[in-house]
Amino acid sequence: MAKTEKSMSYFMRESAKEPEIIEVPGIESIKDEDGNVIPFTIQILNQKQIADIYDKYRTRRMVTDKRGNPFTKGNEAVFETNTDSGKALRHVIVEALVYPNLRDKELMEYYNCYDITEMPLKVFPSPDEYQHVERAVLSALGIMDYGDEDDVDAAKN
């Protein structure tokens with residue numbers, strides 16, 4: 001049996017280097033001058049970008065007793081890891097949304113907001129609006145499958 005040389009060129013894809021940007025339907029409550037719903041533009045973040053964002057909101061601390069002595073297991077200190085998932089998710093939404101740009105200085109000043117993780121809550125204050133944006137972004141990124149988000153699937157194709 002002849003051994004076939006395996007080429008690494010199959011894995012050298014431009015599509016893996018260049019971010020994909022899609023357009024999805026916006027929210028019914030946000031319309032332009034002509035009464036048309038304004039669509040959202042979403043950049044498909046890669047897995048490393050998403051992981052890096054979640055890492056920013058992960059804290060690790062040594063577990064101690066009431067006196068401040070560290071707990072140990074097998075002669076090693078025990079650590080507790082916590083992630084502020086809500087804040088990390090909102091940061092993912094901010095990074096993925098190209099339009100509206102939630103990092104826009106003028107928009108942030110309008111909402112008197114200086115923390116980008118609060119911007120999705122300020123710009124989309126009603127639960128319905130926020131959930132629409134969250135679903136659109138998470139579906140586009142392939143993180144969650146909401147089943148009825150046919151518009152996101154159509155935008156990807």
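Since we're looking at a predicted model, the values are computed, not measured. Counting from 1, the numbers follow the sequence of the chain as shown.
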- prompt: Considering all heavy atoms of both residues, which atom of Lys122 and which atom of Asn112 are nearest to each other, and what is their separation?
  reply: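 Between these two residues, the closest heavy atoms are NZ-O, 4.4 Å.
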Are [X] and [Y] side-chain neighbours, meaning at least one heavy-atom pair lies under 4.5 Å?
{"X": "Asn69", "Y": "Thr64", "result": "no"}
{"X": "Ile116", "Y": "Met108", "result": "yes"}
{"X": "Arg103", "Y": "Leu97", "result": "no"}

Does [Y] offer a backbone N or O that forms a donor-acceptor pair with the side chain of [X] under 3.5 Å?
{"X": "His132", "Y": "Pro25", "answer": "yes"}
{"X": "Gln49", "Y": "Asn46", "answer": "yes"}
{"X": "Ser7", "Y": "Ser9", "answer": "yes"}
{"X": "Asp104", "Y": "Glu106", "answer": "yes"}

Nearest 0.5 Å please: distance from the [atom1] atom of [X] over to the [atom2] atom of [Y].
{"X": "Glu20", "Y": "Leu141", "atom1": "CD", "atom2": "CG", "answer": "10.5 Å"}
{"X": "Asp34", "Y": "Asn36", "atom1": "CG", "atom2": "CG", "answer": "5.5 Å"}
{"X": "Glu118", "Y": "Cys113", "atom1": "CD", "atom2": "SG", "answer": "4.5 Å"}
{"X": "Leu138", "Y": "Ile93", "atom1": "CG", "atom2": "CD1", "answer": "6.0 Å"}

Pair Asp128, Ser126: side-chain N/O donor-acceptor within cut-off below 3.5 Å: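 No.
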- request: Step by step, work out the side-chain contact (heavy atoms from CB on, under 4.5 Å) result for Ile27 and Val37.
  value: CA-CA 6 Å; Ile27 299 170; Val37 173; 5.7 Å; no
message: Test side-chain contact (heavy atoms from CB on, under 4.5 Å) on Lys31 and Ile38; report intermediate values, then the result.
response: CA-CA 5 Å; Lys31 298 180 180 182; Ile38 299 173; 5.6 Å; no
- prompt: After noting the C-alpha distance and the side-chain angles of Asp52 and Lys48, does the key distance pass the salt bridge (charged side-chain N to carboxylate O under 4.0 Å, His left out) rule?
  reply: CA-CA 6 Å; Asp52 287 348; Lys48 179 167 178 7; 2.8 Å; yes
task: Give a yes or no on whether Tyr99 atom OH has more than 12 heavy-atom contacts from other residues, nucleotides or ligands under 6.0 Å away.
output: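 Incorrect, the count does not exceed 12.
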field: Flag if over 12 foreign heavy atoms under 6.0 Å of OH, Tyr10
entry: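 Counting neighbours around OH of Tyr10, 12 or fewer heavy atoms of other residues, nucleotides or ligands fall under 6.0 Å, so no.
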- request: Output, in order, the C-alpha distance, side-chain angles, deciding distance and verdict of side-chain contact (heavy atoms from CB on, under 4.5 Å) for Thr41 and Ile21.
  value: CA-CA 7 Å; Thr41 308; Ile21 296 178; 3.2 Å; yes
Phe79-Phe71 aromatic ring centre distance below 6.0 Å: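 No, they do not, as the ring centres are separated by 6.0 Å or more.
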query: Tyr57 and side chain to side chain donor-acceptor pair (under 3.5 Å): which partner among Lys87, Arg90, His91?
result: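 Of the listed residues Lys87, Arg90, His91, the side chain to side chain donor-acceptor pair (under 3.5 Å) partner of Tyr57 is His91.
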